[in-house]
Protein chains: 2
Amino acid sequence: MKINVAVAALAALAQESRLAIFRILVQAGKEGLAAGVLGDQLGVPPATMSFHLKTLSHAKLVKSRTEGRYVIYSANYTEMDKLIAYLTEHCCAGDTTQCAPLKNC
Amino acid sequence: MKINVAVAALAALAQESRLAIFRILVQAGKEGLAAGVLGDQLGVPPATMSFHLKTLSHAKLVKSRTEGRYVIYSANYTEMDKLIAYLTEHCCAGDTTQCAPLKNC
DNA sequence: TTAATATTTCCGTAATAATAGAAATATAGA
DNA sequence: TCTATATTTCTATTATTACGGAAATATTAA
């Protein structure tokens, strides 16, 4: 992952509504959730939700598919893994002993 | 780690100069580097460098100590680990099999 | 003490991001 | 087709962030 891709991914997650969206989508699993459901859960109006979802989409952290008049969003685990791998690599600087072992690994 | 702490940490890293600063400090190790050295390496003027270092400090991603007229900054690995742990947890949603195994773990 | 160097703070400016109402677009169902 | 519902785009406004020169602060060395 290049630095500007990492910056874009970090920026996409560096906003409370968007990080909350991502967390909900991770919990929701592969099936995902419709944009409106996310908006209802977070109390965010449609236009604002669309803005945030677009930001997450551009960073490839979420995927979307259209089902009838619904647009279903789901978390892109692969891209998140790439981001975590990037951070891990640059946190440890090639010397794993410098960092405490990560949980959930 | 609470969501607003995670957002602050992500926001601190979501900027090209600051992510570059952090990477250099990780490479530099525990001894760290003076603010001016960082500014020279990245071609960033003192006031701007100070602004970015303050942002990283507020997010606790870097530590600083004063040595004479130099202020030496160093990476705070512990806080970075907390951020990575937070992201890993919310990436996998308690189900580790959903995520590809991380490198360097 | 005086001059040189290092860093931060102050301040104004420019750029970017967040917000959300209203209109536009698209689909579903009556 | 007509109406209701879902989402996005358009648009304007407000808020936040980035930038960097100049001044202020602090330390060192002569």
Side-chain angles (χ1 to χ4, degrees), chain A residues 3-25 28 31-76, chain B residues 3-25 28 31-76:
Chain A
I3 187 165
N4 52 312
V5 176
V7 167
L10 290 164
L13 294 172
Q15 206 278 346
E16 193 150 344
S17 294
R18 285 197 297 267
L19 188 52
I21 290 168
F22 189 80
R23 289 180 53 172
I24 292 173
L25 288 179
E31 309 98 90
L33 287 174
V37 175
L38 285 165
D40 290 345
Q41 285 204 24
L42 293 170
V44 171
T48 305
M49 182 55 56
S50 197
F51 167 80
H52 287 313
L53 287 169
K54 190 164 68 173
T55 303
L56 286 165
S57 293
H58 281 162
K60 295 190 181 169
L61 285 165
V62 303
K63 296 178 280 190
S64 68
R65 64 182 194 276
T66 304
E67 287 191 3
R69 58 183 154 176
Y70 300 90
V71 179
I72 313 293
Y73 286 87
S74 57
N76 183 356
Chain B
I3 187 166
N4 51 312
V5 176
V7 167
L10 290 164
L13 295 172
Q15 206 277 345
E16 194 151 342
S17 293
R18 285 197 298 268
L19 188 52
I21 290 168
F22 188 80
R23 289 180 54 173
I24 291 174
L25 288 179
E31 308 100 272
L33 286 175
V37 175
L38 285 164
D40 290 345
Q41 283 204 23
L42 293 170
V44 171
T48 305
M49 182 56 55
S50 196
F51 167 79
H52 287 313
L53 288 169
K54 190 164 71 174
T55 303
L56 286 165
S57 294
H58 281 163
K60 296 190 181 168
L61 286 165
V62 303
K63 297 177 282 191
S64 68
R65 65 182 195 277
T66 303
E67 287 192 1
R69 57 183 154 179
Y70 299 90
V71 179
I72 312 292
Y73 287 87
S74 58
N76 183 354

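We name chains A, B, ... by the order of the sequence lines, and we start the count at 1 in each one.
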Nearest-angstrom distance from the residue atom CG of B:L10 to C1' of D:dT17
16 Å

Under 3.5 Å donor-acceptor, B:S57 side chain and B:L53 backbone:
yes

d(OH, A:Y70; C1', C:dA28) in whole Å
9 Å

Taking the basic N atoms (NZ, or NE/NH1/NH2) and the acidic carboxylate oxygens, is any pair closer than 4.0 Å for A:R65 and A:E67?
yes

Report yes if some heavy atom in the side chain of A:L38 is under 4.5 Å from a heavy atom in the side chain of A:H52; otherwise report no.
no

Can you tell me how far C1' of D:dT7 sits from CE of A:M49, to the nearest Å?
12 Å

In whole Å, what is the span from the CD atom of A:E16 to the C1' atom of C:dA17?
16 Å

Are any of the side-chain heavy atoms of B:R18 and B:T55 separated by less than 4.5 Å?
yes

Please determine if a side-chain N or O atom of A:Y73 lies less than 4.0 Å away from the OP1 or OP2 oxygen of D:dA6.
no

Starting at CG of A:L33 and ending at C1' of D:dT7, how long is that distance when rounded to a whole Å?
15 Å

Write down the distance between NZ (B:K54) and C1' (D:dT17), rounded to a whole number of angstrom.
12 Å

Whole angstrom is fine here: how far is it from CG in A:L38 over to P in D:dA6?
14 Å

Can you measure B:I72 atom CD1 to C:dT7 atom C1' for me and round it to whole angstrom units?
11 Å

So if I define the base as every atom that isn't primed, P, OP1 or OP2, how would nucleotides 18-28 of chain D read as a B/S/- string at a heavy-atom cutoff under 4.0 Å?
BSBBB----BS

Let me know which of B:I72, B:N76, B:V71 forms a side chain to side chain contact (heavy atoms under 4.5 Å, CB included) with B:S64.
B:V71

Any side-chain heavy-atom pair from A:L56 and A:L13 closer than 4.5 angstrom?
yes

